[in-house]
Protein chains: 2
Amino acid sequence: MKKFTKTLIKNSLRRIFLYRACLNRLKMMGMEKVFSYTLAMEAGVSPDQVRKDFSEFNIKGNKRGGYNIDELLEKMENIFYKNREHNIVLVGMGNLGLALSKYSRFLQRNMNIVATFDIDPFKQKARTEIPVYGMDRLKEIIQRFKVKVAIIAVPEISAQQVCDDLVKAGVKGIVNFAPVLLKTPPNVIVNNVNLCDELESVIYYVHHQLKIEGLKNIELLYGDMK
Amino acid sequence: MKKFTKTLIKNSLRRIFLYRACLNRLKMMGMEKVFSYTLAMEAGVSPDQVRKDFSEFNIKGNKRGGYNIDELLEKMENIFYKNREHNIVLVGMGNLGLALSKYSRFLQRNMNIVATFDIDPFKQKARTEIPVYGMDRLKEIIQRFKVKVAIIAVPEISAQQVCDDLVKAGVKGIVNFAPVLLKTPPNVIVNNVNLCDELESVIYYVHHQLKIEGLKNIELLYGDMK
DNA sequence: TACTTAATGTGAAAAAATTCACAAAAACAC
DNA sequence: GTGTTTTTGTGAATTTTTTCACATTAAGTA
Ligand SMILES: NC(=O)c1ccc[n+]([C@@H]2O[C@H](COP(=O)([O-])OP(=O)(O)OC[C@H]3O[C@@H](n4cnc5c(N)ncnc54)[C@H](O)[C@@H]3O)[C@@H](O)[C@H]2O)c1
Ligand SMILES: NC(=O)c1ccc[n+]([C@@H]2O[C@H](COP(=O)([O-])OP(=O)(O)OC[C@H]3O[C@@H](n4cnc5c(N)ncnc54)[C@H](O)[C@@H]3O)[C@@H](O)[C@H]2O)c1
């Protein structure tokens, strides 16, 4: 039986995002070029991995000269279709939605939240500059702005309904913050962000690490018994 | 050269979180047991994968009888050390920090934000019930509550400094929302959550999908030319 | 110009993750 | 109780990802 999944995000693409973040930082620090070694150090991967990833996306550098940071960044922007503007909508203007709507980095990266929606659009209107609409205008506005990607920040219980409405209105990609797995047609991409899981996975590793450290201490006490 | 990374989160563990979310939902829908097939459908993976993952974490079911949902959930809680309470701190009470501090699901899952910190602790004090302290009390409170895990929601520019302070105070795991890669000693786990990247990766896939669909249409127009 | 050095880029090898395939166990049927 | 069916659990096979290794290229040097 084949996999059912459709939300898989390739490791190499994930790392391209990572490299870009590193490059931006290195650039800010005044650097103009990098070697795979430098970037690898910065990103926490191996230099081979960096070169292999670049190879996959057909990014070329200069033999012995490394990579020009600006050129790299530009190539990456192309990968992300960054030249174009992307219109986004956000559904659910509660605590999280409000924070996201104020997040300026989205715009810095050409992702423009053109409208937000809430079942109760009057609640947050005063606290934000982005328009807040009722759900009845979802389809109209998504189509007007040719929106293809949406953020869901409504309670768990409403998420699937909102998702269905978005898909009906023509949305093809969703970042979902509600802790449910959304059901969508196969041509609609969903990226679930589950902050509880992120926190819990850290707790998991911390406890394991502590356990391992504890065991090491025991070993130190009793010596190597192998 | 070996990898430098230390923030890798194993796929199988990620999926255990996924399975738990699915199981909770299935339970809510009134189900009491599942087969690997059912859970796989729900989680969007293959049944083999489910069984293999369970095998890795030494979770056993009943031949021909599938798995009892409650037992599964309990075993998973053990994996996550869920029986214990986990004290967490949150640094940075801006837009995102405020939303996170109000997120009730953390507590539902035994993760208790015992205190929050901000360079300007008076700003948000009125808007939240969790105490907001100045950075001068970080070490004291972390040690008093035996906090091992922290959330960073401060601006990019301050994140490394805050991270260093947390590590000095004894924190062993960090969920970082600032879009920078933090440098930590090897025994400190960092999980970076980059919401821009999550959004951009969806945009990437949507555009590729659209491109592929476009190509398919061209193929349909011209027939199979192989 | 020729020689040395330092980096990339990519097939090949190794490792890791996933899928296959089937023996073993349990439930059910008669 | 015997036979059939269904599902688990896990080694083996396969696929994917990562790492290795080195030929290739460019820069520096004398
Ligand atoms: N607050 C956080 O920090 C946080 C963190 C991670 C995940 N989440 C998740 O994000 C979602 C929102 O969390 P929140 O804390 O902002 O909750 P919230 O209750 O503050 O906000 C939810 C908003 O959605 C609106 N809403 C409800 N039903 C709707 C519908 N059918 N259509 C349109 N809008 C609707 C509500 O009016 C409200 O404004 C939840 O699923 C939550 O689990 C929140
Ligand atoms: N707002 C969002 O939705 C969002 C989304 C993704 C990521 N982020 C990231 O999360 C971080 C916070 O975002 P925000 O929108 O909440 O920003 P914000 O400016 O609203 O909040 C930052 C808070 O950190 C505090 N702070 C600044 N320096 C500090 C220091 N040295 N020690 C302690 N506290 C300090 C400030 O007083 C402020 O309250 C940023 O790094 C941002 O990139 C935010």
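In what follows, chains carry the letters A, B, and so on, assigned in the order in which the sequence lines appear, proteins first and then strands, with residues in each chain numbered from 1. If you're wondering where the values come from, they're calculated on a predicted model, not measured in any experiment.
- B:Y67 comes within 4.0 angstrom of sugar-phosphate atoms only, judged by non-hydrogen atoms across all strands, and of no base.
- Look at CG on B:N68: it is 15 Å from C1' on D:dT8, rounded to the nearest Å.
- Residues satisfying the side chain to side chain contact (heavy atoms under 4.5 Å, CB included) test with B:K33, not counting sequence neighbours, are B:F35.
- Using a 4.5 Å heavy-atom threshold, the side chains of A:V89 and A:V149 count as separate.
- Each salt bridge (Lys or Arg N to Asp or Glu O under 4.0 Å) pair with one or both residues in residues 154-166 of chain A, not counting sequence neighbours, appears once here: A:E156-B:R105.
- Rounded to whole Å, the distance from CD on A:E56 to P on D:dT16 is 12 Å.
- Applying the side chain to side chain donor-acceptor pair (under 3.5 Å) rule to A:N112 yields no partners; only residues at least two apart in sequence or on another chain are considered.
- Listed by chain and number, the residues in a side chain to side chain contact (heavy atoms under 4.5 Å, CB included) with B:N62 amount to none (sequence neighbours excluded).
- The ring-ring contact (aromatic ring centres under 6.0 Å, His included) check on B:F177 picks up nothing, with sequence neighbours excluded.
- Sorted by first and then second residue, the ring pair (Phe, Tyr, Trp, His ring centres under 6.0 Å) pairs involving residues 39-64 of chain B (not counting sequence neighbours) are B:Y19-B:F54, B:F54-B:Y67.
- We find that B:E71 and B:K60 are not joined by a salt bridge, their nearest charged nitrogen and carboxylate oxygen being 4.0 Å or further apart.
- Take the nearest nucleotide of DNA chain D for B:I59 and for A:R15: the residue whose nucleotide is more 5' is B:I59.
- Between D:dT7 and B:K60, no contact under 4.0 Å exists linking OP1 or OP2 to a side-chain N or O.
- The separation between B:F57 atom CZ and C:dA17 atom P is 11 Å, rounded to whole Å.
- Between the C1' atom of C:dA17 and the CG atom of B:D53 lies a distance of 10 Å, rounded to the nearest Å.
- A sub-4.0 Å separation between OP1 or OP2 of D:dT17 and a side-chain N or O of A:Q49 is absent.
- Closest to the side chain of A:S55, from the set C:dT10, C:dG9, D:dT19, is C:dT10.
- Distance CZ (A:R14) to P (D:dT18): 13 Å, rounded to an integer number of Å.
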Nucleotide N/O of nucleotides 11-13 of chain D paired with protein N/O under 3.5 Å:
unit_1 : atom_1 : unit_2 : atom_2 : d
D:dG11 : N7     : B:K52  : NZ     : 3.2

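- A salt bridge does not link A:E85 with A:K146: none of the charged nitrogens is closer than 4.0 Å to a carboxylate oxygen.
- For the pair B:F54 CZ and C:dA17 C1', the computed distance is 17 Å after rounding to whole Å.
- When the salt bridge (Lys or Arg N to Asp or Glu O under 4.0 Å) test is applied to B:D70, the partners found at least two apart in sequence or on another chain are B:K27.
- Direction of the helix axis in the helix from C:dT1-D:dA30 to C:dC30-D:dG1 shifts by 0° between the two five-pair termini, rounded to 10°.
- With rounding to whole Å, A:F35 atom CZ is found 13 Å from C:dG9 atom P.
- Whole-Å rounding puts the A:N11 CG to D:dT18 C1' distance at 10 Å.
- Residue contacts shown for A:S12 are absent, as no nucleic acid heavy atom lies under 4.0 Å away.
- Applying the side chain to side chain donor-acceptor pair (under 3.5 Å) criterion to A:S12, with sequence neighbours excluded, gives A:E56.
- The side chain of B:R51 lies closest to D:dT10 when the candidates are C:dT19, D:dT10, C:dA7.
- In this structure A:S36 satisfies the side chain to side chain donor-acceptor pair (under 3.5 Å) test together with A:R51, sequence neighbours excluded.
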- Can you check each nucleotide of nucleotides 25-30 of chain D against protein heavy atoms at under 4.0 Å and return B for base, S for sugar-phosphate only, - for none, in 5' to 3' order? BBB---
